[in-house]
Amino acid sequence: TYGGSPPVITAGYTGFVNGDTASSLSTKPKCSTIADGTSSVAGSPYETSCSGAVDSNYNISYAGGFVTVNPAALTITASNGSMVYGGTPPPITVTGYAGFVNGDSAASLSTKPTCSTKATSSSSVAGSPYQSLCSGAVDTNYNIGYVNGSVTVSAAPLSITASGGSMTYGGSAPTISADYVGFVNGDTASDLSTKPKCS
């Protein structure tokens, strides 16, 4: 895996006769790969090779192999936030990256993530919380996953004022009505699930 340790490279043999084995060699081969912990996925696969074996009974040749570098896991977490009903949704950002190796950072990404929320100014309190999320990041050295956040919508302030009036002693009291300040999103008194009673 990108950022990890290269595998141990070993030798396989073809051509021994008379019951000979690798232990019959007077000098054993040394095997290695050019891949290391900083080798990128884009440059994969990387060559492996063995050399240096000696045995007077054999003409020794070598065939190379390969090491494949797989992407490392990277997790991107979206921020949380809050807003008032009818207000502007908060900006959503990345609150953290988990999994960078080899000194990589957000600046190393070939494409940066974009973050947003499903909440809008018309999102109701009843539907809260609303998902916030990031997506779209690209880096060939990482398999990128995401952790979503949330945006909580709280109630907007609404002020209801009772009307005044006058009456003659012994007469009928005036009808008291409500005046509203604070409706948003085109809401009106008719949108109230329960209307106020005035007296």
Side-chain angles (χ1 to χ4, degrees), residues 1-9 32-49 64-160 180-195:
T1 300
Y2 173 68
S5 299
V8 175
I9 306 302
S32 62
T33 176
I34 61 173
D36 61 23
T38 63
S39 297
S40 69
V41 173
S44 180
Y46 294 86
E47 184 179 344
T48 64
S49 61
F66 296 95
V67 169
T68 300
V69 178
N70 297 312
L74 176 66
T75 302
I76 299 176
T77 301
S79 63
N80 299 318
S82 62
M83 61 177 287
V84 174
Y85 172 68
T88 301
I92 303 301
T93 60
V94 175
T95 59
Y97 297 88
F100 278 127
V101 294
N102 291 330
D104 291 343
S105 66
S108 308
L109 297 171
S110 52
T111 302
K112 306 297 186 291
T114 56
C115 302
S116 61
T117 176
K118 295 184 180 297
T120 67
S121 61
S122 60
S123 296
S124 69
V125 174
S128 180
Y130 295 86
Q131 188 180 70
S132 62
L133 65 160
C134 297
S135 63
V138 176
D139 191 307
T140 56
N141 288 323
Y142 295 94
N143 279 327
I144 302 175
Y146 300 91
V147 174
N148 295 334
S150 62
V151 170
T152 301
V153 179
S154 59
L158 176 65
S159 176
I160 302 177
Y180 303 87
V181 176
F183 279 124
V184 293
N185 291 330
D187 292 341
T188 65
S190 62
D191 295 299
L192 294 172
S193 52
T194 301
K195 308 298 188 291

(message) For V67, run the side chain to side chain contact (heavy atoms under 4.5 Å, CB included) check against P45, S39, P7 and tell me which one passes.
(response)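 In the set P45, S39, P7, the residue that makes a side chain to side chain contact (heavy atoms under 4.5 Å, CB included) with V67 is P7.
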(request) Only one of V94, N148, L133, T95 passes side chain to side chain contact (heavy atoms under 4.5 Å, CB included) with T77; say which it is. (result) T95
(request) Would you sort out whether S49 and S32 count as a side-chain contact (heavy atoms from CB on, under 4.5 Å), showing the intermediate values? (result) CA-CA 6 Å; S49 61; S32 62; 4.3 Å; yes
About how many Å separate [atom2] of [Y] and [atom1] of [X], when rounded to the nearest 0.5 Å?
X    : Y    : atom1 : atom2 : value
S122 : Y85  : OG    : OH    : 7.0 Å
F183 : S159 : CZ    : OG    : 10.5 Å
F100 : N141 : CZ    : CG    : 10.5 Å
I9   : F66  : CD1   : CZ    : 11.5 Å
I144 : T111 : CD1   : OG1   : 8.5 Å
N185 : D191 : CG    : CG    : 10.0 Å

(message) Please check this pair: side chain of S132 against backbone of S150, looking for a donor-acceptor N/O pair closer than 3.5 Å.
(response) yes
(message) Given 3.5 Å as the limit, does a donor-acceptor pair link the side chain of T33 with the main chain of E47, or not?
(response) yes
Quick one: closest heavy-atom pair of [X] and [Y], and the distance?
X    : Y    : result
G149 : N80  : CA-OD1, 3.2 Å
P6   : D36  : CG-CA, 3.5 Å
M83  : T120 : CE-O, 3.5 Å
Q131 : T117 : O-OG1, 3.0 Å
S44  : V69  : OG-N, 2.9 Å
P71  : N143 : CB-N, 3.6 Å

Does [X] reach the side chain of [Y], with side-chain heavy atoms less than 4.5 Å apart?
X    : Y    : result
T152 : S128 : yes
I76  : Y142 : no
V151 : I92  : yes
Y97  : P113 : yes
Y180 : T188 : no

(message) Using side-chain contact (heavy atoms from CB on, under 4.5 Å), reason through L158 and L192 one step at a time and then give a plain yes or no.
(response) CA-CA 11 Å; L158 176 65; L192 294 172; 4.1 Å; yes
(request) For atom NZ of K112, decide whether the heavy atoms of other residues, nucleotides or ligands shown that lie under 6.0 angstrom number more than 12. (result) yes
(message) Looking only at side-chain N and O atoms, does Y2 offer a donor or acceptor that is under 3.5 Å from a partner on D104?
(response) yes
